[in-house]
Amino acid sequence: MSKALDHIKILDFTHVQSGPTCTQLLAWMGADVIKVERPGVGDATRKQLVDVEGADSLYFTMLNHNKRSLTLNSKTPEGKEVLERLVKTCDVLVENFAPGALDRMGFSWERIQELNPGMIMASVKGFGPGPYEDCKVYENVAQCAGGSASTTGFRDGLPLVTGAQIGDSGTGLHLAFGICAALIHREKTGRGQRVLAPMQDGVLNLCRVKLRDQQRLKAGPLKEYSQHGEGVPFGEATPRAGNDSGGGQPGRILKCKGWETDPDAYTYFITQAAVWQKICDVIGKPDWKEHPDYATPPARLPHLNEIFGAIEEWTMTQTKYEVMEICNPLDIPVGPILSMKELAEEPSLRATGTIVEVDHPERGPYLSVGCPVKLSDNEVVVERSPLLGEHSEEILGEVLGYSAEEIASLRESGAV
Ligand code: COA
């Protein structure tokens with residue numbers, strides 16, 4: 001079965017998380033991803049958070065599936081020549097170096113266009129053009145600078161970063177989207193182009209509803225926020241809203257049976273207007289169906305604490321799975337708080353290939369997250385990440401046409 005991108009070669013100059021997330025997705029869509037790494041060193045994550053001595057870390061292996069690894073010192077004359085050949089041969093260069101690093105290496109956008117006018121050059125940077133464009137950025141900095149941290153957490157607590165890597169992996173996703181659009185555009189025009197995904201912009205895009213609320217503040221208090229029901233006035237900026245639902249249907253995280261000892265014995269419960277009557281029956285408050293304080297969504301807004309308190313009295317008598325079993329047939333939207341342990345063991349995620357077990361020569365079998373997007377003509381078989389320089393010979397020979405003698409001389413020079 002052919003795949004969407006199986007005619008595309010990617011020069012993967014990425015490291016850490018954001019860039020590798022992007023190129024892993026492209027590899028899963030069939031692209032030939034050639035990961036270029038410094039000889040003897042490689043992507044820094046290979047040796048970060050090591051759990052098996054001597055083996056590539058899970059940090060690296062889980063972000064670099066289905067790629068080939070070429071070691072190359074792109075700062076030596078011989079290495080630069082190899083890199084030039086790669087630029088001429090590949091369709092897309094993806095990089096997430098610190099600002100200016102590629103220019104310092106001698107591969108500015110102008111130079112890349114000279115070498116290959118059809119090249120798409122895609123970059124993750126911390127910030128777009130502006131006062132912070134020269135800054136190095138990691139995940140949590142992006143979450144803070146992109147509006148996520150100021151709107152996450154509880155009103156009376158610190159700003160919080162989230163476990164979802166919206167700065168790194170989120171920006172990698174945005175970049176992959178930009179690359180696919182640029183590839184389609186190139187089919188029409190023959191021209192390559194630059195694709196830039198700043199992490200701040202990616203996080204802000206994912207926090208779009210919070211900028212929505214910032215503007216709604218001008219029209220009065222945000223009535224669906226708990227603080228409105230608690231009589232706490234709003235300030236000038238979108239506040240942190242705890243676990244309030246971000247949409248028009250109020251929701252909260254509520255305790256379930258066992259919460260005293262199990263940190264994940266909770267459910268998310270949404271009081272969707274369409275099923276209010278059924279909620280009243282389930283929680284044993286049938287009189288709330290017609291009561292003027294509870295019957296309509298606007299009437300309920302000032303009473304959300306009381307309403308969720310009553311719902312929680314009921315959820316605490318059930319396990320989070322029982323809440324699902326009772327509410328789902330009634331179309332009441334609820335969801336258990338699932339731990340990583342529960343997700344790792346979930347059979348349906350194994351069956352769809354979203355959780356996969358992969359074998360690795362240095363570390364043995366480990367779990368990974370497979371491709372989260374399913375295309376009917378693009379079955380994804382998750383392959384282990386490459387060892388450092390594992391494919392150097394085959395890439396230099398088969399892709400770039402170097403002879404065995406030339407490869408030996410490149411090795412001698414220390415360029416590969
Ligand atoms: N051969 C020779 N040199 C290489 C090389 C290779 N194959 N690969 C990388 N290098 C060099 C770079 O050219 C750079 O050299 P320079 O500083 O002399 O120009 C050097 O290695 C270090 O690169 P840099 O990107 O600065 O790495 P860092 O570890 O200092 O910083 C980040 C890491 C993530 C902070 C930084 O890369 C960054 O801000 N990236 C953009 C935003 C981003 O993606 N952040 C999230 C990462 S998940």
Side-chain angles (χ1 to χ4, degrees), residues 11-25 34-49 57 59-60 62-64 67-87 93-108 111-112 121-130 132-146 148 161 164-176 178-179 194-203 386 388-389 391-392 395-396 410 413-416:
L11 195 179
D12 181 7
F13 229 158
T14 69
H15 64 159
V16 201
Q17 184 181 165
S18 63
T21 301
C22 167
T23 51
Q24 180 167 264
L25 286 167
I34 298 171
K35 184 166 174 106
V36 177
E37 298 178 84
R38 235 180 316 190
V41 184
D43 187 325
T45 60
R46 283 187 186 268
K47 297 297 166 236
Q48 273 174 8
L49 311 177
S57 71
Y59 196 4
F60 178 84
M62 292 178 71
L63 284 159
N64 289 283
K67 303 179 184 178
R68 300 201 276 175
S69 169
L70 162 71
T71 45
L72 185 70
N73 184 343
S74 55
K75 285 185 173 164
T76 67
E78 297 85 353
K80 276 188 205 303
E81 197 204 303
V82 176
L83 192 58
E84 283 194 4
R85 282 215 213 180
L86 274 169
V87 170
L93 185 164
V94 191
E95 62 94 21
N96 67 313
F97 290 128
L102 214 53
D103 294 320
R104 289 193 288 278
M105 217 184 268
F107 288 87
S108 63
R111 177 71 186 129
I112 283 171
M121 179 172 148
S123 307
V124 170
K125 294 288 167 261
F127 293 92
Y132 307 120
E133 64 188 314
D134 293 329
C135 298
K136 285 186 175 180
V137 168
Y138 282 107
E139 169 71 45
N140 288 350
V141 175
Q143 288 197 24
C144 293
S148 177
V161 294
Q165 304 286 283
I166 59 176
D168 281 339
S169 289
T171 307
L173 273 163
H174 283 102
L175 191 69
I179 290 169
R194 276 199 89 161
V195 180
L196 172 67
M199 295 168 76
Q200 181 185 41
D201 304 36
V203 171
L388 181 60
H391 306 97
S392 293
I395 292 165
L396 292 168
L410 280 170
S413 75
V416 296

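As the structure lists them, so they are numbered: ligands from 1, and atoms in each ligand from 1. We use all heavy atoms of the structure for the numbers below, so side chains are in, but hydrogens, waters and symmetry mates are not.
Applying the side chain to side chain donor-acceptor pair (under 3.5 Å) test between Asn64 and each of Gln24, Lys35, Glu37 identifies Lys35 as the sole match. When each of Gln17, Lys47, Arg46 is checked for a side chain to side chain contact (heavy atoms under 4.5 Å, CB included) with Phe60, only Arg46 meets the rule.
Protein heavy atom in closest approach to atom 25 (O) of ligand 1: Ala98 N, 2.8 Å. The closest protein non-hydrogen atom to atom 19 (O) of ligand 1 is Arg104 NE, 2.8 Å. Scanning all protein heavy atoms for the shortest distance to atom 40 (N) of ligand 1 gives Asn96 O, 2.9 Å. Of all protein heavy atoms, the one closest to atom 21 (O) of ligand 1 is Arg38 NH2, 3.3 Å. If you check which protein heavy atom lies closest to atom 30 (O) of ligand 1, you get Lys136 NZ, 2.5 Å. Looking from atom 13 (O) of ligand 1 to the surrounding protein, the closest heavy atom is Met105 CE, 3.2 Å. Considering only non-hydrogen protein atoms, atom 15 (O) of ligand 1 sits nearest to Lys75 NZ, 2.9 Å. The protein non-hydrogen atom at the shortest distance from atom 9 (C) of ligand 1 is Phe97 CE2, 3.3 Å.
Here is the list of ligand 1 atoms found below 4.0 Å of a heavy atom in Val124: 41 (C), 44 (O). Atom numbering of ligand 1 starts at 1 in the shown order; those under 4.0 Å from a heavy atom of Leu72 are 1 (N), 6 (C), 7 (N). Atoms of ligand 1 found under 4.0 Å from any heavy atom of Ala101, numbered from 1 in the order shown, are 19 (O). Counting atoms of ligand 1 from 1 in the listed order, those under 4.0 Å from a heavy atom of Tyr138 are 33 (C), 34 (C), 35 (C). Against a heavy-atom cut-off of under 4.0 Å, Gln17 is close to the following atoms of ligand 1: 48 (S). Atoms of ligand 1 found under 4.0 Å from any heavy atom of Asn73, numbered from 1 in the order shown, are 1 (N), 2 (C). Against a heavy-atom cut-off of under 4.0 Å, Asp168 is close to the following atoms of ligand 1: 46 (C), 47 (C), 48 (S). Heavy-atom contacts of Val16 reach the following atoms of ligand 1: 47 (C), 48 (S) (cutoff under 4.0 Å).
Between the side chain of Asn96 and the main chain of His15, a donor-acceptor pair closer than 3.5 Å is present.
Ligand 1 has an N or O atom lying under 3.5 Å from an N or O atom of His15, backbone or side chain. Any N or O atom pair closer than 3.5 Å counts here, and Phe13 shares no such pair with ligand 1. For Val137, a nitrogen or oxygen atom sits less than 3.5 Å from a nitrogen or oxygen atom of ligand 1, counting backbone and side chain alike.
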Set out, in order, the CA-CA distance, both residues' side-chain angles and the distance that settles side chain to side chain contact (heavy atoms under 4.5 Å, CB included) for Val94 and Leu175, then state yes or no. CA-CA 9 Å; Val94 191; Leu175 191 69; 3.6 Å; yes
So Thr71 and Ser392, side chain to side chain donor-acceptor pair (under 3.5 Å) or not? Walk me through it. CA-CA 6 Å; Thr71 45; Ser392 293; 3.3 Å; yes
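At least one heavy atom of Met199 sits closer than 4.0 Å to an atom of ligand 1. Residue contacts with ligand 1 do not include Gly19, since none of its heavy atoms lies under 4.0 Å from the ligand.
Here the CZ-CG distance, from Arg38 to Leu72, works out to 11.5 Å after rounding to the nearest 0.5 Å. Of the inter-residue distances, the one linking Glu84 atom CD with Ser74 atom OG reads 11.5 Å to the nearest 0.5 angstrom. Taken to the nearest 0.5 Å, the CD1 atom of Ile34 stands 6.0 Å off from the CG atom of Leu86. The CZ atom of Phe127 sits 11.0 Å away from atom CG of Asp134, with the distance rounded to the nearest 0.5 Å. Within the model, atoms SG of Cys22 and NE2 of His174 stand 12.0 Å from one another, a figure rounded to the nearest 0.5 Å. With values rounded to the nearest 0.5 angstrom, Thr21 atom OG1 is found 9.0 Å from Gln165 atom CD.
In this model, a donor atom of one side chain and an acceptor atom of the other lie less than 3.5 Å apart for Thr23 and Lys67.
Residue Thr171 does not touch ligand 1, judged by heavy-atom distances below 4.0 Å.
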